[in-house]
Amino acid sequence: MPEGHVLLRLANEITATFAGQPVRVSSPQGKFATAAQLLDGRELVGAESAGKHLFINFGRGDLIHIHLGLIGRLDFAPLAEPIGQVRLRIDNGVTSADLRGATTCRLITEPERAEILARLGPDPLRVDSVPDSAWTRIRTSNRPIGELLMDQSVVSGVGNVYRAEVLFRQRIHPLRPGKLLRRKQFQAIWEDLVGLMQEGVRLGRIDTVLPEHTPESMGRDPRVDDHGGEVYVYRRAGLECFRCGSIVKTENLAGRNSFWCPNCQRKRSSWQG
DNA sequence: CCTCTATGGCGAA
DNA sequence: TCGCCCTAGAGGC
(Lines give C-alpha, C1' and ligand atoms only; values in the text may rest on other atoms or scores of the structure.)
Protein backbone atom coordinates (compact mmCIF):
# COMPACT_ATOMS: atom_id res chain seq x y z
CA MET A 1 0.00 0.00 0.00
CA PRO A 2 2.70 2.44 0.73
CA GLU A 3 3.52 5.42 -1.46
CA GLY A 4 3.80 8.85 0.13
CA HIS A 5 0.08 9.58 0.15
CA VAL A 6 -0.55 6.51 2.32
CA LEU A 7 2.01 7.62 4.88
CA LEU A 8 0.52 11.10 5.11
CA ARG A 9 -2.93 9.61 5.62
CA LEU A 10 -1.59 7.35 8.35
CA ALA A 11 0.16 10.25 10.06
CA ASN A 12 -3.06 12.26 9.99
CA GLU A 13 -5.05 9.34 11.34
CA ILE A 14 -2.62 8.70 14.18
CA THR A 15 -2.74 12.35 15.15
CA ALA A 16 -6.53 12.50 14.91
CA THR A 17 -7.00 9.32 16.92
CA PHE A 18 -4.34 9.51 19.60
CA ALA A 19 -2.69 12.93 19.86
CA GLY A 20 -2.87 14.62 23.25
CA GLN A 21 -3.74 11.43 25.13
CA PRO A 22 -1.78 8.87 27.07
CA VAL A 23 -1.64 5.67 25.01
CA ARG A 24 -0.74 2.06 25.52
CA VAL A 25 2.24 0.94 23.48
CA SER A 26 2.98 -2.75 23.11
CA SER A 27 4.63 -5.30 20.87
CA PRO A 28 2.55 -8.49 20.84
CA GLN A 29 5.03 -10.09 18.47
CA GLY A 30 7.96 -9.00 20.65
CA LYS A 31 10.37 -7.36 18.25
CA PHE A 32 9.68 -3.87 19.57
CA ALA A 33 9.11 -4.90 23.19
CA THR A 34 11.86 -2.96 24.92
CA ALA A 35 11.04 0.34 23.24
CA ALA A 36 7.32 -0.27 23.67
CA GLN A 37 7.80 -0.64 27.41
CA LEU A 38 9.63 2.68 27.54
CA LEU A 39 6.81 4.49 25.72
CA ASP A 40 3.83 2.70 27.29
CA GLY A 41 1.49 5.08 29.10
CA ARG A 42 3.12 8.22 27.73
CA GLU A 43 1.30 10.96 25.89
CA LEU A 44 1.39 10.73 22.10
CA VAL A 45 2.20 14.22 20.86
CA GLY A 46 1.52 13.73 17.15
CA ALA A 47 2.62 12.04 13.96
CA GLU A 48 4.26 13.25 10.76
CA SER A 49 5.25 11.75 7.43
CA ALA A 50 8.15 12.58 5.15
CA GLY A 51 8.37 10.72 1.87
CA LYS A 52 7.59 7.12 2.81
CA HIS A 53 8.77 7.56 6.39
CA LEU A 54 6.47 7.90 9.38
CA PHE A 55 7.40 9.50 12.70
CA ILE A 56 5.31 9.22 15.86
CA ASN A 57 6.32 11.78 18.45
CA PHE A 58 6.15 10.95 22.16
CA GLY A 59 7.89 14.12 23.34
CA ARG A 60 11.18 14.37 25.29
CA GLY A 61 12.95 13.73 21.98
CA ASP A 62 11.56 10.21 21.66
CA LEU A 63 10.02 9.16 18.35
CA ILE A 64 9.02 5.93 16.67
CA HIS A 65 10.42 5.73 13.16
CA ILE A 66 8.42 3.49 10.83
CA HIS A 67 9.05 2.49 7.24
CA LEU A 68 6.47 0.10 5.86
CA GLY A 69 8.64 -1.24 3.07
CA LEU A 70 6.85 -3.18 0.38
CA ILE A 71 4.51 -5.26 2.48
CA GLY A 72 4.11 -3.41 5.76
CA ARG A 73 0.78 -2.07 6.90
CA LEU A 74 -0.72 -0.12 9.76
CA ASP A 75 -4.35 -0.94 10.46
CA PHE A 76 -6.80 0.90 12.71
CA ALA A 77 -9.57 -1.10 14.35
CA PRO A 78 -11.73 -1.25 17.46
CA LEU A 79 -9.63 -2.62 20.30
CA ALA A 80 -9.55 -6.43 20.29
CA GLU A 81 -7.10 -9.28 20.71
CA PRO A 82 -4.23 -8.90 18.22
CA ILE A 83 -4.35 -11.27 15.26
CA GLY A 84 -1.16 -12.55 13.62
CA GLN A 85 2.24 -10.93 13.87
CA VAL A 86 1.76 -7.47 15.33
CA ARG A 87 5.08 -5.79 15.88
CA LEU A 88 3.68 -2.57 17.31
CA ARG A 89 0.32 -1.76 18.77
CA ILE A 90 -0.78 1.69 19.92
CA ASP A 91 -4.16 1.93 21.59
CA ASN A 92 -6.21 4.26 23.73
CA GLY A 93 -8.53 1.64 25.16
CA VAL A 94 -11.02 2.12 22.35
CA THR A 95 -9.10 2.09 19.08
CA SER A 96 -5.89 0.29 18.20
CA ALA A 97 -3.34 0.82 15.44
CA ASP A 98 -1.49 -2.41 14.58
CA LEU A 99 1.77 -2.48 12.63
CA ARG A 100 2.69 -5.57 10.62
CA GLY A 101 5.46 -6.48 8.22
CA ALA A 102 7.28 -3.17 8.34
CA THR A 103 10.88 -2.89 7.21
CA THR A 104 11.66 -0.43 9.98
CA CYS A 105 10.16 0.15 13.41
CA ARG A 106 12.56 1.63 15.93
CA LEU A 107 12.89 4.19 18.65
CA ILE A 108 14.88 7.21 17.52
CA THR A 109 15.87 10.66 18.80
CA GLU A 110 15.11 14.06 17.37
CA PRO A 111 18.58 14.41 15.76
CA GLU A 112 18.12 11.04 14.09
CA ARG A 113 14.83 12.22 12.66
CA ALA A 114 16.59 15.28 11.30
CA GLU A 115 19.22 13.08 9.64
CA ILE A 116 16.55 11.06 7.87
CA LEU A 117 14.83 14.21 6.62
CA ALA A 118 18.14 15.61 5.44
CA ARG A 119 18.82 12.73 3.09
CA LEU A 120 15.38 12.82 1.49
CA GLY A 121 14.67 14.72 -1.70
CA PRO A 122 11.73 17.16 -1.83
CA ASP A 123 8.36 15.53 -1.07
CA PRO A 124 5.52 16.69 -3.36
CA LEU A 125 3.14 16.39 -0.40
CA ARG A 126 4.98 18.79 1.87
CA VAL A 127 4.14 22.46 1.37
CA ASP A 128 7.67 23.44 2.38
CA SER A 129 9.21 21.41 -0.46
CA VAL A 130 11.36 23.17 -3.03
CA PRO A 131 11.84 21.10 -6.21
CA ASP A 132 15.07 22.86 -7.26
CA SER A 133 17.38 20.26 -5.75
CA ALA A 134 15.52 17.49 -7.57
CA TRP A 135 15.89 19.33 -10.87
CA THR A 136 19.60 19.79 -10.28
CA ARG A 137 20.03 16.07 -9.71
CA ILE A 138 17.94 15.11 -12.73
CA ARG A 139 19.38 17.54 -15.24
CA THR A 140 22.92 16.38 -14.51
CA SER A 141 22.23 12.65 -14.49
CA ASN A 142 22.64 9.99 -17.15
CA ARG A 143 20.29 7.73 -15.26
CA PRO A 144 16.81 7.23 -16.74
CA ILE A 145 14.05 9.46 -15.40
CA GLY A 146 12.06 6.37 -14.42
CA GLU A 147 14.88 5.43 -12.10
CA LEU A 148 15.49 8.93 -10.76
CA LEU A 149 11.85 9.36 -9.76
CA MET A 150 12.12 6.25 -7.58
CA ASP A 151 15.30 7.48 -5.89
CA GLN A 152 14.14 8.87 -2.54
CA SER A 153 17.13 11.19 -2.32
CA VAL A 154 16.00 12.87 -5.55
CA VAL A 155 12.23 13.02 -4.93
CA SER A 156 10.66 11.43 -1.87
CA GLY A 157 7.31 9.73 -1.56
CA VAL A 158 7.00 8.68 -5.20
CA GLY A 159 6.69 4.93 -5.73
CA ASN A 160 6.09 2.58 -8.62
CA VAL A 161 2.50 3.62 -9.33
CA TYR A 162 3.07 7.37 -9.35
CA ARG A 163 6.27 6.92 -11.37
CA ALA A 164 4.48 5.03 -14.12
CA GLU A 165 1.45 7.30 -14.14
CA VAL A 166 3.12 10.70 -14.04
CA LEU A 167 5.44 9.70 -16.90
CA PHE A 168 2.46 8.53 -18.94
CA ARG A 169 0.53 11.73 -18.28
CA GLN A 170 3.53 13.83 -19.25
CA ARG A 171 4.25 11.57 -22.24
CA ILE A 172 7.82 10.89 -21.23
CA HIS A 173 9.49 7.53 -21.80
CA PRO A 174 10.75 6.08 -18.51
CA LEU A 175 14.13 5.27 -20.03
CA ARG A 176 14.88 8.82 -21.10
CA PRO A 177 18.06 10.01 -19.39
CA GLY A 178 17.51 12.74 -16.81
CA LYS A 179 19.92 15.10 -18.51
CA LEU A 180 17.79 15.08 -21.68
CA LEU A 181 14.72 16.38 -19.88
CA ARG A 182 13.79 19.99 -20.41
CA ARG A 183 13.13 22.21 -17.44
CA LYS A 184 9.53 22.62 -18.48
CA GLN A 185 9.08 18.86 -18.54
CA PHE A 186 10.44 18.52 -15.03
CA GLN A 187 8.26 21.39 -13.85
CA ALA A 188 5.24 19.63 -15.34
CA ILE A 189 6.19 16.33 -13.68
CA TRP A 190 6.56 18.03 -10.32
CA GLU A 191 3.30 19.96 -10.52
CA ASP A 192 1.48 16.85 -11.69
CA LEU A 193 2.88 14.84 -8.78
CA VAL A 194 1.75 17.50 -6.31
CA GLY A 195 -1.79 17.39 -7.67
CA LEU A 196 -1.99 13.61 -8.04
CA MET A 197 -0.58 12.88 -4.62
CA GLN A 198 -2.83 15.43 -2.90
CA GLU A 199 -5.73 13.73 -4.60
CA GLY A 200 -4.34 10.40 -3.38
CA VAL A 201 -4.38 11.69 0.20
CA ARG A 202 -7.93 12.93 -0.19
CA LEU A 203 -9.32 9.73 -1.74
CA GLY A 204 -7.07 7.11 -0.20
CA ARG A 205 -6.30 5.63 -3.62
CA ILE A 206 -4.35 6.48 -6.72
CA ASP A 207 -6.49 7.83 -9.54
CA THR A 208 -4.71 9.32 -12.50
CA VAL A 209 -7.12 8.98 -15.41
CA LEU A 210 -8.41 12.19 -17.03
CA PRO A 211 -12.18 12.76 -17.41
CA GLU A 212 -12.11 11.91 -21.13
CA HIS A 213 -10.62 8.47 -20.43
CA THR A 214 -12.72 7.35 -17.49
CA PRO A 215 -14.76 4.14 -17.81
CA GLU A 216 -17.95 6.21 -17.96
CA SER A 217 -16.84 8.48 -20.78
CA MET A 218 -15.25 5.68 -22.79
CA GLY A 219 -17.94 3.09 -22.18
CA ARG A 220 -15.41 0.56 -20.94
CA ASP A 221 -15.46 -1.60 -17.83
CA PRO A 222 -13.99 -0.01 -14.74
CA ARG A 223 -10.54 -1.29 -13.95
CA VAL A 224 -10.26 -3.67 -11.03
CA ASP A 225 -6.86 -3.84 -9.42
CA ASP A 226 -5.49 -4.57 -5.97
CA HIS A 227 -4.47 -1.00 -5.34
CA GLY A 228 -8.05 0.09 -6.01
CA GLY A 229 -7.42 3.07 -8.27
CA GLU A 230 -8.05 3.94 -11.88
CA VAL A 231 -4.75 4.24 -13.74
CA TYR A 232 -3.40 4.42 -17.29
CA VAL A 233 -0.48 2.00 -17.43
CA TYR A 234 0.47 0.66 -14.02
CA ARG A 235 0.14 -3.16 -14.12
CA ARG A 236 -1.65 -2.95 -17.48
CA ALA A 237 1.06 -4.65 -19.55
CA GLY A 238 -0.39 -6.31 -22.66
CA LEU A 239 -3.63 -4.29 -22.50
CA GLU A 240 -4.71 -1.43 -24.74
CA CYS A 241 -3.74 2.13 -23.89
CA PHE A 242 -6.85 4.15 -22.95
CA ARG A 243 -5.57 7.06 -24.98
CA CYS A 244 -4.35 5.51 -28.25
CA GLY A 245 -5.08 1.78 -28.14
CA SER A 246 -1.45 0.67 -28.37
CA ILE A 247 -0.36 -2.24 -26.19
CA VAL A 248 1.14 -1.17 -22.88
CA LYS A 249 4.71 -2.41 -22.38
CA THR A 250 6.62 -3.39 -19.26
CA GLU A 251 10.26 -3.77 -18.37
CA ASN A 252 12.21 -3.99 -15.16
CA LEU A 253 13.68 -0.62 -14.23
CA ALA A 254 15.51 0.09 -10.99
CA GLY A 255 14.49 -3.34 -9.71
CA ARG A 256 10.79 -2.74 -10.24
CA ASN A 257 8.37 -3.34 -13.07
CA SER A 258 7.97 -0.21 -15.14
CA PHE A 259 4.99 0.30 -17.46
CA TRP A 260 4.51 2.64 -20.40
CA CYS A 261 2.72 3.13 -23.69
CA PRO A 262 5.21 2.83 -26.57
CA ASN A 263 3.15 5.23 -28.69
CA CYS A 264 2.25 7.95 -26.18
CA GLN A 265 5.69 7.88 -24.58
CA ARG A 266 8.13 7.92 -27.48
CA LYS A 267 11.80 7.37 -27.34
CA ARG A 268 13.54 10.26 -29.06
CA SER A 269 16.10 9.90 -31.85
CA SER A 270 18.53 12.08 -29.88
CA TRP A 271 19.35 9.18 -27.60
CA GLN A 272 19.37 5.42 -27.66
CA GLY A 273 17.59 3.80 -24.74
C1' DC B 1 -1.78 -27.40 0.36
C1' DC B 2 1.50 -24.78 -2.68
C1' DT B 3 3.69 -20.77 -5.43
C1' DC B 4 3.73 -16.18 -7.00
C1' DT B 5 3.34 -11.28 -6.57
C1' DA B 6 3.15 -6.70 -4.30
C1' DT B 7 2.57 0.83 -4.07
C1' DG B 8 10.48 -0.69 -0.70
C1' DG B 9 14.91 -0.57 0.41
C1' DC B 10 19.07 -2.46 2.48
C1' DG B 11 23.51 -4.68 2.26
C1' DA B 12 26.51 -8.26 0.42
C1' DA B 13 28.91 -9.72 -3.78
C1' DT C 1 22.67 -7.59 -9.64
C1' DC C 2 20.94 -10.48 -6.18
C1' DG C 3 19.15 -12.12 -1.83
C1' DC C 4 16.72 -10.92 2.03
C1' DC C 5 13.48 -8.81 5.22
C1' DC C 6 8.29 -9.76 6.18
C1' DT C 7 2.95 -10.20 5.45
C1' DA C 8 -1.29 -10.97 2.84
C1' DG C 9 -4.00 -12.03 -0.97
C1' DA C 10 -4.70 -14.40 -5.39
C1' DG C 11 -4.55 -18.33 -7.97
C1' DG C 12 -3.08 -23.18 -9.09
C1' DC C 13 -3.37 -28.16 -7.78
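Numbered from 1 within each chain, the chains take letters A, B, ... in sequence-line order.
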#### Entry: DNA chain C-proximal residues of residues 99-108 of chain A, any heavy atom under 4.0 Å
A:R100, A:G101
### Task
Would you indicate, yes or no, if B:dA6 has its OP1 or OP2 atom less than 4.0 angstrom from a side-chain nitrogen or oxygen of A:N160?
no
### Summary
In whole angstroms, the gap separating C1' of C:dC5 from CD of A:Q85 amounts to 14 Å
### Message
Measure CG/A:L54 against P/B:dT7 and give the value in whole Å, please.
### Response
21 Å
For residues 238-255 of chain A, which side-chain donor-acceptor pairs fall under 3.5 Å, sequence neighbours excluded?
residue, atom, partner, partner atom, Å
A:T250, OG1, A:S258, O, 2.9
A:N252, OD1, A:G255, N, 3.2
A:N252, OD1, A:R256, N, 3.4

### A:R163 side-chain N/O to B:dT7 phosphate OP1/OP2 under 4.0 Å
no
### Query
What's the shortest heavy-atom distance between A:G4 and A:K52, and which atoms?
N-CG, 4.3 Å
### Summary
Separation of B:dG8 atom C1' from A:D151 atom CG, nearest Å, is 13 Å
For residues 27-47 of chain A, which side-chain donor-acceptor pairs fall under 3.5 Å, sequence neighbours excluded?
residue, atom, partner, partner atom, Å
A:S27, OG, A:G30, N, 3.1
A:S27, OG, A:K31, N, 3.4
A:S27, OG, A:F32, N, 3.0
A:S27, OG, A:R87, O, 2.6
A:Q29, OE1, A:K31, N, 3.1
A:D40, OD1, A:R24, NE, 2.9
A:D40, OD1, A:V25, N, 2.9
A:D40, OD2, A:R24, NE, 3.4
A:D40, OD2, A:R24, NH2, 3.0
A:R42, NH1, A:D62, OD2, 3.2
A:R42, NH2, A:F58, O, 3.2
A:R42, NH2, A:G59, O, 3.4
A:R42, NH2, A:D62, OD2, 3.0

### Query
Does A:K52 put a side-chain nitrogen or oxygen below 4.0 Å from OP1 or OP2 of B:dG9?
yes
### Message
Just the rounded figure in Å: distance from P of B:dT7 to CG of A:D123.
### Response
19 Å
### Query
With respect to the side chain of A:R73, which nucleotide from C:dA8, B:dA6, B:dC10 is positioned closest?
C:dA8
### Task
Grab the CE-P distance between A:M150 and B:dT7 for me, whole Å please.
8 Å
### Query
If the C1' atom of B:dT7 is compared with that of C:dT1, how far apart are they to the nearest Å?
22 Å
## Note on the structure
Of C:dT7, B:dC10, B:dT7, the nucleotide closest to the side chain of A:Q29 is C:dT7
#### Entry: Residues, nucleotides or ligands: over 12 heavy atoms within 6.0 Å of A:I83 CD1
no
### Task
Using a cut-off of 6.0 Å, state whether more than 12 heavy atoms not belonging to A:R60 lie near its atom CZ.
no
### salt_bridge(A:R205, A:E230) N-O dist < 4.0 Å
no
### Summary
Here the distance between atom P of C:dA8 and atom CG of A:D98, to the nearest Å, is 11 Å
### Message
Taking the side chain as everything from C-beta on, heavy atoms only, tell me whether A:R169 gets closer than 4.5 Å to A:V166.
### Response
no
### Task
Enter the distance from A:F259:CZ to A:E165:CD here, rounded to the nearest 0.5 Å.
10.0 Å
### Query
P atom, C:dC5 versus B:dA13: distance in rounded Å?
14 Å
### Task
Check whether any side-chain nitrogen or oxygen of A:H5 sits under 4.0 Å from OP1 or OP2 of B:dT7, and answer yes or no.
no
### Query
Under 4.0 Å between a side-chain N or O of A:Y162 and OP1 or OP2 of B:dT7?
no
### Summary
Considering only heavy side-chain atoms of A:K31, the closest of B:dG9, B:dT7, C:dC5 is C:dC5
#### Entry: Distance between P atoms of B:dC10 and C:dA8 (Å, rounded)
23 Å
### Query
When the distance from CG of A:L68 to P of B:dA6 is rounded to whole Å, what number comes out?
18 Å
## Note on the structure
Rounded to whole Å, the CZ-C1' distance (A:R119 to B:dG8) equals 13 Å
### Task
Between B:dT5, C:dC5, B:dC10, spot the one nearest the side chain of A:R235, thanks.
B:dT5
